[in-house]
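Below, chain A is the first sequence line, B the second, and so on; all start at residue 1.
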Amino acid sequence: MSLPKRQPPAELPRPDALAARIEQARAALPGLANSLQRLDLWQQTAATTPATRAVVRAQVGSGKTAVLAHRVLWLHMVQGIALEQMAVTTFTTRAAAQLVDRLIHLLPEPPAAGAFRLFGTLHAVARTLLQSDLDLQGSGWQPGFGVLDEAGSLEMLQTLVRQHSLDVKFPAQWLSRLDGLALGKPVRRGNMRSDDDLQQLAERFAAERRLTNVMNFDDLICQAGAAMATSLAPLLGAVVVDELQDCAPGEVRLVQALAQRSSQFFAVGDPNQSIYGWRGSNPRVFDELTTSLQCDTFDLPNNYRSTPEILAAAQAALGQIGQGSALNSTRATGTKVLVIQHHTPQHEAMYLARRFAQLNQGGVRWSQLAVLARTRRQLAVIREHLQQQGVPCAEPPSGGWRDRPAAAWLLRLLDSAIDTDPQRLRDVLLDNRYGFGTAKLLGKPKPVGIEPTESAAQFWIQHLRAQPGTPGSQLQRQRTEVVAFLQTLLQLQWPMHGDPVADLGLLPRLRPTHRDHARDLRDVRQALQQLMLTSEVQPDRRAALHTLQADGPQALGDQEGVQLLTLHAAKGLEFEHVVLSGCNQGIIPLAAAYADRDALDEERRLLFVGLSRARDSVEISWHMQPAMGQGMPMPSEWLLAMPAAACQFSDRAEALLPAPLPQTQPCTAEWPAGTAVRHAKYGPGAVLRSDASEVVVHFGKFGEKPFALLLCPLQKVPE
DNA sequence: TGAATACCTATTTTT
DNA sequence: TAGGTATTCA
């Protein structure tokens, strides 16, 4: 079968030359030489190159992070470049932390404070440089500028739209529409017939950021890029860039400017994993930088992660657009990639629950099992059904409070109530989802003739009391309700006893009949609980709220569970077993991607990224009856092009399960104390006691939880 | 100004 | 199907 085989290297230095470099490392730091010797020849070659400008095209799973870490050490220990003279950038803060961690372990002695000041995301590095190394003259910003996050941006936009009476459609998409505008994408959405005031909003927003001396994330990159390009910018010892393929145009300019003010430049990435085209990045940055900075190029051709079968499928996903050498598997032949059809996502989830349980019983940790999908909506369906079946699922990666709309609304409410701007509170009170009825309720605020009040909440209490109206009318009753609501808010005391949600009168706001009610309630409870904890350290209410905003929601429980991730979120991770769920035509590639060649290629790379996450096995599924808007009832055209030598096609999921699991038993009062049970969220636990109506279970760190027998979401663990 | 109706599109997400 | 916007009519 035509599986990738080990290929001879294209260009390697003579063995004695490489050995000499290792000895050079040994003289500087024996541990570095030992560590280098554990790398393969291509990795060694790149990490120790004498070239001062180098770009590494790393194939997937080829150990590029190891090369990057060794390069930094080489530059530091052998070339004598101080760590604080290096700018080292990664795609996420997490990746940066892991790199620093790795370096600290390899360094002979603990680094001085500030040694890693320029290690971080490009944004973090740009911010540090702008705050302490670069000249802001002429930029419109002053030293000591602040940084505007998403919530801050939205608030500023809201104020601008109001102040200037702008008409800007799709409030929920203002930020993405502004990003699109900057990238030159069409500005119309939905059934807009004509342009709105988006352009004007963009201009006013840019001016306002300078006026209030705050930068958004794009400003950081652009301003740092511009300031670095001047002769006044500081000279750096080395610039090292990870995930080069994901650099957007502004980031490429910053990287170039950094490289030009540095004696060493080293960049690593994989053009086949460029999946952020919608932010403006594209796989051509490798060629562009190689040319413009006259870089030497290096390859890392060996994949240490996946079986040959998985790599063959991944290679097939890329088709003709694959870049660099063919993928070389260093692993023995494994099982074939399974291409499987299911009736619906629900059917798949039932099947997966059994399949995962078997793997888990066979010793595979839950967190080594991953379900990847193109969209988050697809994952939500699978998650719901897996949890129903008692499979522990890791929490989705948190996107801050914005993923929890009710909690985000509550935080905005608490903040704007004690703020002085009545308009802000008005927006919150009239919120479509959680607010009170219509604009008529509050009337138009008249800033003139109203006594200055201490807070926006007081303003509205006074204002509503002064509204004319028929006593007893529905409108008046609602006004009384709002006044009472605001008064409760103002009297808020920590710590709260009883149920804060009920005490604050939040229950009616959380739409008790809505299908998201349970989630909203949970989020709001969590927000209030976190706020209470934050308030203990930070008694000032506004400061506590701002800290809470910045920190985001804390992860619930531990993360030991099946990982459900979008293809984007899975980048950089690896798992023993991977399920690519819902690969229907219209989803992979997304129907919209057919309009644009680059977008279509990017969908191929997404499939490639998904497949190449797996070490041992992959299942690709498609659904004969996908949910509405989730693709057509046929497999992705790319599944049909998968190599028969490496894949097994199946239409009967059941036949693939060796033996049915023991039937789970319904919850009964018969369970003696000590019975092992499992709960979808709390995981394994043991029965403490039970009676005719409820059973009480102890779940390790979650403590004791009572469950009503009638609605018991527990499963007895088979003995 | 507001209710009722027609009509459009559907991602991905780091800082 | 849902969550928006646009249009129409009272």
Side-chain angles (χ1 to χ4, degrees), chain A residues 89-96 120-128 147-153 167-177 179-180 185-186 188-196 215-222 224 242-243 245-248 250-251 254 274-281 372-379 381 396-400 402-403 405 432-433 437-441 443-444 514-516 550 552 565-572 582 586-596 599-600 602-603 605-607 609-610 626-631:
Chain A
T89 74
T90 55
F91 191 61
T92 62
T93 47
R94 194 171 133 214
T121 59
L122 258 178
H123 290 91
V125 169
R127 179 184 186 170
T128 307
V147 175
L148 203 54
D149 63 4
E150 195 169 298
S153 297
D167 174 29
V168 188
K169 308 296 186 203
F170 295 95
Q173 295 173 48
W174 279 351
L175 287 175
S176 71
R177 290 189 68 210
D179 287 344
K185 288 187 201 154
R188 291 197 198 160
R189 292 273 163 101
N191 53 352
M192 281 172 64
R193 297 273 166 92
S194 57
D195 289 352
D196 54 6
M215 290 200 190
N216 67 10
F217 296 125
D218 281 349
D219 294 330
L220 290 172
I221 298 295
C222 287
D242 194 9
E243 307 278 19
Q245 76 283 352
D246 292 322
C247 283
E251 295 171 327
L254 173 56
S274 168
I275 53 174
Y276 286 89
W278 41 273
R279 287 169 70 240
S281 68
L372 311 184
R374 180 66 180 84
T375 69
R376 291 197 286 188
R377 271 172 71 195
Q378 290 178 291
L379 290 173
V381 180
S398 168
R402 105 197 125 108
D403 276 0
N432 280 340
R433 262 185 284 188
T438 61
K440 201 170 160 188
L441 183 67
K444 282 207 173 126
H514 196 275
R515 69 185 162 93
D516 288 342
L565 300 163
T566 62
L567 292 171
H568 283 91
K571 202 188 71 158
I587 288 289
I588 275 278
L590 271 179
Y594 279 99
D596 171 7
L600 203 57
E602 186 156 306
E603 298 286 315
R605 292 193 292 269
L606 267 172
L607 183 55
V609 166
M628 186 62 80
Q630 312 263 56

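To the nearest angstrom, C1' of B:dT11 lies 10 Å from CD1 of A:I588. Counting to the nearest Å, the P atom of B:dT11 and the CG atom of A:D179 are 16 Å from each other. Rounded to whole Å, atom P of B:dT13 lies 20 Å from atom CG of A:N216. Going from atom CD of A:Q630 over to atom P of C:dA2 covers 13 Å, rounded to whole Å. Taking atom CD1 of residue A:I275 and atom C1' of nucleotide B:dT11, one finds them 12 Å apart after rounding to whole Å. In this structure, A:F91 places its CZ atom 10 Å from P of B:dT13, rounding to the nearest Å. Atom C1' of nucleotide B:dT13 and atom CG of A:L590 are separated by 14 Å, given to the nearest angstrom. Atom CD1 of A:I221 is separated from atom P of B:dT13 by 20 Å (rounded to the nearest Å).
Considering only side-chain atoms of A:F170, the nucleotide from B:dT15, C:dG4, B:dT12 that sits closest is C:dG4. With B:dT11, B:dT15, B:dT13 as the choices, the nucleotide that has an atom nearest any side-chain atom of A:T121 turns out to be B:dT15. Side-chain proximity of A:F217 to the nucleotides B:dT11, B:dT13, B:dT15 is greatest for B:dT15. Looking at the side chain of A:H123, the nearest of the listed nucleotides B:dT12, B:dT15, B:dT13 is B:dT15.
The side chain to side chain contact (heavy atoms under 4.5 Å, CB included) test with A:L567 singles out one residue from A:L606, A:L607, A:I275, and that residue is A:L606.
OP1 or OP2 of B:dT13 lies within a sub-4.0 Å distance of a side-chain N or O belonging to A:R376. Between B:dT15 and A:T93, a contact under 4.0 Å exists linking OP1 or OP2 to a side-chain N or O. Residue A:K571 has no polar side-chain atom (N or O) positioned under 4.0 Å from OP1 or OP2 of B:dT14. OP1 and OP2 of B:dT15 both lie 4.0 Å or more from every side-chain N or O belonging to A:T92.
Shown here are the side chain to side chain contact (heavy atoms under 4.5 Å, CB included) partners of A:A599, two or more places apart in sequence or in another chain: A:A593, A:D596. Applying the side-chain hydrogen bond (donor to acceptor under 3.5 Å, both in side chains) criterion to A:E602, with sequence neighbours excluded, gives no partner residue. Applying the salt bridge (Lys or Arg N to Asp or Glu O under 4.0 Å) criterion to A:K169, with sequence neighbours excluded, gives A:D167. Partners of A:R127 according to the salt bridge (Lys or Arg N to Asp or Glu O under 4.0 Å) rule, which considers only residues two or more places apart in sequence or in another chain, do not exist here.
Among the atoms of the strands shown, only primed sugar atoms or phosphate atoms (P, OP1, OP2) are found under 4.0 Å from some heavy atom of A:P171.
Across C:dA2 and B:dT13, the matching C1' atoms stand 22 Å from one another, rounded to whole Å.
What you find for A:T375 and A:Q630 is that their closest heavy atoms are OG1-OE1, 4.0 Å. Closest non-hydrogen pair, A:A126 versus A:A224, comes out as CB-CB, 3.6 Å.
A donor-acceptor contact under 3.5 Å links the side chain of A:R279 to the base of B:dT14.
Put simply, the side chain of A:R605 gets close to the backbone of A:S274: a donor and an acceptor are under 3.5 Å apart. Looking at A:W174, its side chain never comes within 3.5 Å of a backbone N or O of A:S153 through a donor-acceptor pair. Between the side chain of A:Q378 and the main chain of A:G582, a donor-acceptor pair closer than 3.5 Å is present.
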Heteroatom pairs (N/O) under 3.5 angstrom, protein to nucleotides 4-6 of chain B:
none

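Both key distances under 3.5 Å define a Watson-Crick or G-U pair, and stretches of 3 or more such consecutive pairs in DNA chain B run B:1-10 with C:1-10.
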